[in-house]
Amino acid sequence: MSVTLKVFAVLAAVAVSVAGCGTAGMPTTQVRPTEVGRAQSLTGLLEGFNQVHHAAFTKADANRDQQVDEFEAGPFIDVRDFRRADADRNGRLSEKEFMGWATRGGVLGLFNQDAKSFARAYRTSLLRAFKRLDTDRNQLLTPAEMNDGALDSANVALNIKGIKTYVRVSTLDEGAFRNADKTGDGFLSQGEFEDFAIAGWVALILAPLQPAPTEPGSVAEPASGE
């Protein structure tokens, strides 16, 4: 057999071998779709960290002057903590000072949460909620699976101790579902569900404060003049 024919035979054998191995010839470093989804999801949670803190500052800033005074800060930070957070000692908190207190935990350092630790913690809790809601185990959520009772039991909650902020998504907002459904396929993936949760938390933080409930059996005092 000539050298040319020998080379051709070797190449043909290699081609048949690769063809028979299915995906054996694919690069082992190729990123799988699930890994891409997780990376995108993490980016959403990192941004969510800023969104929920900005919402809390906006809620506290009742007169919309881009500062939070001691009175406005009351529902979020107590007086001693307010004074510790007020780095420039001007009696008001900028958003930077407010954010610094919320993430640093003040001089005591009882908690220390930055965007990355927030993302890790809420990825875990939201994945747990996602799995609980995903009753057919297809890794996608439908509005039916996210009915009010299911959402309530899934505990889609945000708890930021530094600024006394606790909110919990317990009802399905169809508009929020559609906004989170970036692919428009009528389902929420894990990453889209995280976006849904963040949007829900922000909306609840910004919602008007509800009056404190009266004690069972008590009668509310009438307004003056009645």
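These values consider heavy atoms only, across backbone and side chains, with no hydrogens, waters or symmetry-generated copies.
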Minimum heavy-atom distance between Leu45 and Ala119, given as atom pair plus value: CD1-O, 3.5 Å
Contact summary for Val202 and Ala55, nearest pair of heavy atoms: CG1-CB, 4.0 Å
Heavy-atom side-chain contact between Ile205 and Thr58 under 4.5 Å: no
Point-to-point distance, once rounded to the nearest 0.5 Å, from OG1 of Thr142 to CG of Asn147: 9.0 Å
Joint hydrophobic cluster, Val169 plus Leu127, side-chain heavy atoms closer than 4.5 Å: no
Heavy-atom side-chain proximity of Val52 to Phe118 below 4.5 angstrom: yes
Nearest heavy-atom neighbours spanning Val68 and Ala60: CG2-CB, 4.0 Å
Criterion side chain to side chain contact (heavy atoms under 4.5 Å, CB included) on Gln190 and Gln139, from CA distance to verdict: CA-CA 7 Å; Gln190 181 191 341; Gln139 300 186 45; over 6 Å; no
Check: Phe193 and Asp181 side chains under 4.5 Å, non-hydrogen atoms: no
Aromatic ring proximity, centroids under 6.0 angstrom, Tyr122 and Trp201: yes
Glu97 side chain to Asp86 backbone, donor-acceptor under 3.5 Å: no
Chi angles and distances behind the ring-ring contact (aromatic ring centres under 6.0 Å, His included) call for His53, Phe49: CA-CA 6 Å; His53 282 85; Phe49 174 82; 4.5 Å; yes
Glu145 vs Asp136, side chain to side chain contact (heavy atoms under 4.5 Å, CB included): CA-CA, chis, key distance, verdict: CA-CA 9 Å; Glu145 288 176 312; Asp136 61 6; 3.2 Å; yes
Polar side-chain atom of Thr124 near backbone of Arg120 as donor-acceptor pair, under 3.5 Å: yes
Arg80 atom CZ, neighbour heavy-atom count above 12 within 6.0 Å: no
Whether Lys59 side chain and Ala207 backbone form a donor-acceptor pair below 3.5 Å: yes
Closest approach of Pro143 to Phe177 (non-hydrogen atoms, all atoms of both residues): CD-CZ, 3.5 Å
Inter-residue atom distance Asn138.CG - Asp134.CG, 0.5 Å rounding: 5.0 Å
Stepwise side chain to side chain contact (heavy atoms under 4.5 Å, CB included) check, Asn159 with Val167: CA-CA 7 Å; Asn159 186 13; Val167 289; over 6 Å; no
Whether Arg128 side chain and Ala154 backbone form a donor-acceptor pair below 3.5 Å: no
Cluster overlap Leu133 with Leu172, hydrophobic side-chain contacts below 4.5 Å: yes
Residue pair Ala85 / Leu93: nearest heavy atoms and the distance that separates them: C-CD2, 3.7 Å
Shared hydrophobic cluster for Leu126 and Leu204 (ILVMFWY, side-chain gaps under 4.5 Å): yes
Common cluster, Tyr166/Trp101, ILVMFWY with side-chain heavy-atom separation under 4.5 Å: no
Heavy-atom side-chain contact between Lys116 and Leu46 under 4.5 Å: yes
Within-4.5 Å side-chain heavy-atom neighbours: Asn179 and Asp173: no
Distance, nearest 0.5 Å, that separates CZ of Arg132 from CG of Leu141: 13.5 Å
Distance (rounded to the nearest 0.5 Å) between Glu70 CD and Asp78 CG: 10.0 Å
Distance in Å, Leu151 CG paired with Arg168 CZ, rounded so as to fall on 0.5 Å steps: 10.0 Å
Worked verdict on Gln67 versus Asp61 for side chain to side chain contact (heavy atoms under 4.5 Å, CB included): CA-CA 6 Å; Gln67 302 282 329; Asp61 181 20; 5.5 Å; no
Carboxylate-amine/guanidinium contact Asp81 Arg84, below 4.0 Å: yes
Distance (rounded to the nearest 0.5 Å) between Asn63 CG and Asp69 CG: 6.5 Å
Non-hydrogen atoms of Phe130 and Leu188 that approach each other most closely: CE1-O, 3.7 Å
Sidechain-backbone polar pair: Glu192 side chain, Ser189 backbone, donor-acceptor under 3.5 Å: yes
Salt-bridge criterion met for Lys182 and Asp195 (N-O under 4.0 Å): yes
